[in-house]
Amino acid sequence: MRDLRVSVTDRCNFRCLYCLPETEEAANFYRSRFDPVKNPNPLQKIEHLWKPRDELLSFEEIERVVRIAVSVGIEKIRLTGGEPLLRKDVERLVRRLAAIPGVKDLAMTTNGFLFKSKGEILRAAGLQRVSFSLDSLSPENFRKMTGRDGLSEVLEGIDLARSLQFEAVKINAVVIQGINDHEIESLAEFALRKGMVMRYIEFMPLDSQKVWMRDLVVPGRQILERLRARFDLVPVHSDNPSETAQRWRPRSGAGEIGIIAPVTQPFCGHCNRIRLTADGKIRTCLFSIGEHDIKGMLRGGGRDSDLESRLRDIVGVKEDRHHIGEPEFQQPARSMSCIGG
Ligand code: SAM
Ligand code: SF4
């Protein structure tokens, strides 16, 4: 294991249709896809049960877990959530993690809505790379996808990030059949024009209301075919065997395209990632049914050596692969926003 994803909060200011689908527009979209007799009302009214704040790990606790994880081989840290920029003073955490010897890469995934007010301070604190989620370039479709009017804020955040000389600024889009699949080419144009990396992610069964359907997944191969029809792309060979994306770049010009296809072309065999949830559980797979608590040890006087051997034991039971599409597949109880994507 080399890569630890740290969720710093389970809260979010967006309601993405593929993660926390709760808006009337999301309900209408799913209603149009579901059998109206069997499932007239696919989305339920959700009472949000965010974890009480004292159940979330403090910055000191996160720093301790990261330090121990690094001592046993973790090199890359990605801060995520929920929306990581909602965590008060998250830059203080970035500064602490950046100072840990052995952290070779410190990144964040954000919806970007609040990035304008935080970008500079995060860069100064030692954040190296940032990935923005951007599923649509149309204000209307953006609202349908995310449940919020926020496209211009996100675009401003992306421009700010580019001006701050992060080591990489990437864009992630989850592609959903019938909602933003017509924007595949325009998203690539947008990113390539700015010399950025554009990554397309298959819709995974990790939404809060368990309304994922296979028919809504646009297979990575199809995304690639469409992009190759529009752009002259050449493969990018990576020396990282745990790379999740199939990478391509324009034959001439800057930028890159990545396709992440965990549903139709799983890459479990070389996965080197584990996750720490905001409430102190280790997850060995996005699709794990069980979680491994470490908050008890952190708060119960556990020594570093105890935590270290606990981490080793947990990694030892990491799943071989996910079972999406198989009869025994069980969607995890918690959504991507709680797991930390
Ligand atoms: N809120 C931040 C954001 O949206 O970038 C960080 C957390 S979000 C859970 C991390 C990533 O997970 C985002 O890129 C998002 O698009 C992706 N994601 C969320 N739900 C997903 C799903 N059901 N399938 C595929 N990707 C998903
Ligand atoms: Fe959207 Fe990220 Fe919030 Fe999920 S956690 S609803 S993907 S912004």
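Positions are given from 1 along the sequence. Order of listing sets the numbers, starting from 1, for every ligand and every atom in it.
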Looking at Lys51 and Asp10, is there a salt bridge between them, counting it only when a charged N and a carboxylate O are closer than 4.0 Å? no
Answer yes if the ring centres of His323 and Phe329 are under 6.0 angstrom apart, and no otherwise. no
Hey, is the main chain of Pro262 close enough, under 3.5 Å, to the side chain of His322 for a donor-acceptor pair? yes
Atom 21 (C) of ligand 1: closest protein heavy atom, distance to 0.1 Å, is Tyr18 CD1, 3.5 Å
Contact region, Ile339 to ligand 1, non-hydrogen atoms below 4.0 Å, reads neither
Ser133 N/O to ligand 1 N/O under 3.5 Å
yes
So the atoms of ligand 1 within less than 4.0 Å of a heavy atom of Glu83 turn out to be 1 (N), 2 (C)
Q: Please work out which of the three classes, parallel, tilted or perpendicular, describes the rings of Phe14 and Phe142, given edges at 30° and 60°.
A: perpendicular
- Task: Could you tell me whether Thr110 and ligand 1 have an N or O pair separated by under 3.5 Å?
- Result: yes
for atom 4 (Fe) of ligand 2, nearest protein heavy atom and its distance come out as Cys19 SG, 2.5 Å
Closest to atom 6 (S) of ligand 2 among protein heavy atoms sits Cys16 N, 3.4 Å
| field | Carboxylate-amine/guanidinium proximity below 4.0 Å for Arg249 and Glu256 | value | no
Tell me, please: is Ser133 in heavy-atom contact with ligand 2, that is, under 4.0 Å? no
Query raised in the report: So is there a nitrogen or oxygen of Pro84 less than 3.5 Å from a nitrogen or oxygen in ligand 1?
Result: no
- Query: Salt-bridged, Arg334 to Asp279, with N to O below 4.0 Å?
  - Reply: yes
Cation-pi geometry met for Arg148 and Phe113 (6.0 Å, 45°): no
Answer yes or no as to whether an N/O/S atom of Cys12 is found below 2.8 Å from atom 3 (Fe) of ligand 2.
yes
In ligand 1, the atoms that come under 4.0 Å of a heavy atom of Asn111 are 2 (C), 3 (C), 5 (O)
Got a salt bridge between Glu153 and Lys116, using NZ or NE/NH1/NH2 to carboxylate O under 4.0 Å? no
In short, Cys271 meets Met1 closest at the heavy-atom pair O-CE, 3.7 Å
Can Asp105 and Arg129 be counted as an ion pair, charged N to O under 4.0 angstrom? yes
Within 4.0 Å of some non-hydrogen atom of Glu202, the atoms of ligand 1 are 24 (N), 25 (C)
Heavy-atom proximity to atom 10 (C) of ligand 1, picking from Gly81, Gly341, Ser335, points to Gly341
So the atoms of ligand 1 within less than 4.0 Å of a heavy atom of Thr80 turn out to be 6 (C), 7 (C)
Hey, is ligand 1 close enough to Thr109 that some N/O pair sits below 3.5 Å?
-> no
Ligand 1 to Phe203, heavy atom cutoff 4.0 Å, flagged ligand atoms 23 (N), 24 (N)
Heavy-atom proximity to atom 6 (C) of ligand 1, picking from Ala173, Gly82, Ser208, points to Gly82
| request: Could you check whether the rings of Phe267 and His270 sit parallel, tilted or perpendicular, using 30° and 60° as the cut-offs? | output: tilted
Carboxylate-amine/guanidinium proximity below 4.0 Å for Lys104 and Glu75:
yes
Near Val174 (heavy-atom distance under 4.0 Å), the atoms of ligand 1 are 16 (O), 25 (C), 26 (N), 27 (C)
| Is there side-chain contact between Glu63 and Val66, with heavy atoms separated by less than 4.5 Å? | no
closest protein heavy atom to atom 17 (C) of ligand 1 is Met336 CE, 4.1 Å
So for Asn172 against ligand 1, with non-hydrogen atoms under 4.0 Å, the contacting part is side chain
heavy-atom search around atom 24 (N) of ligand 1 in the protein gives Met204 N, 2.9 Å
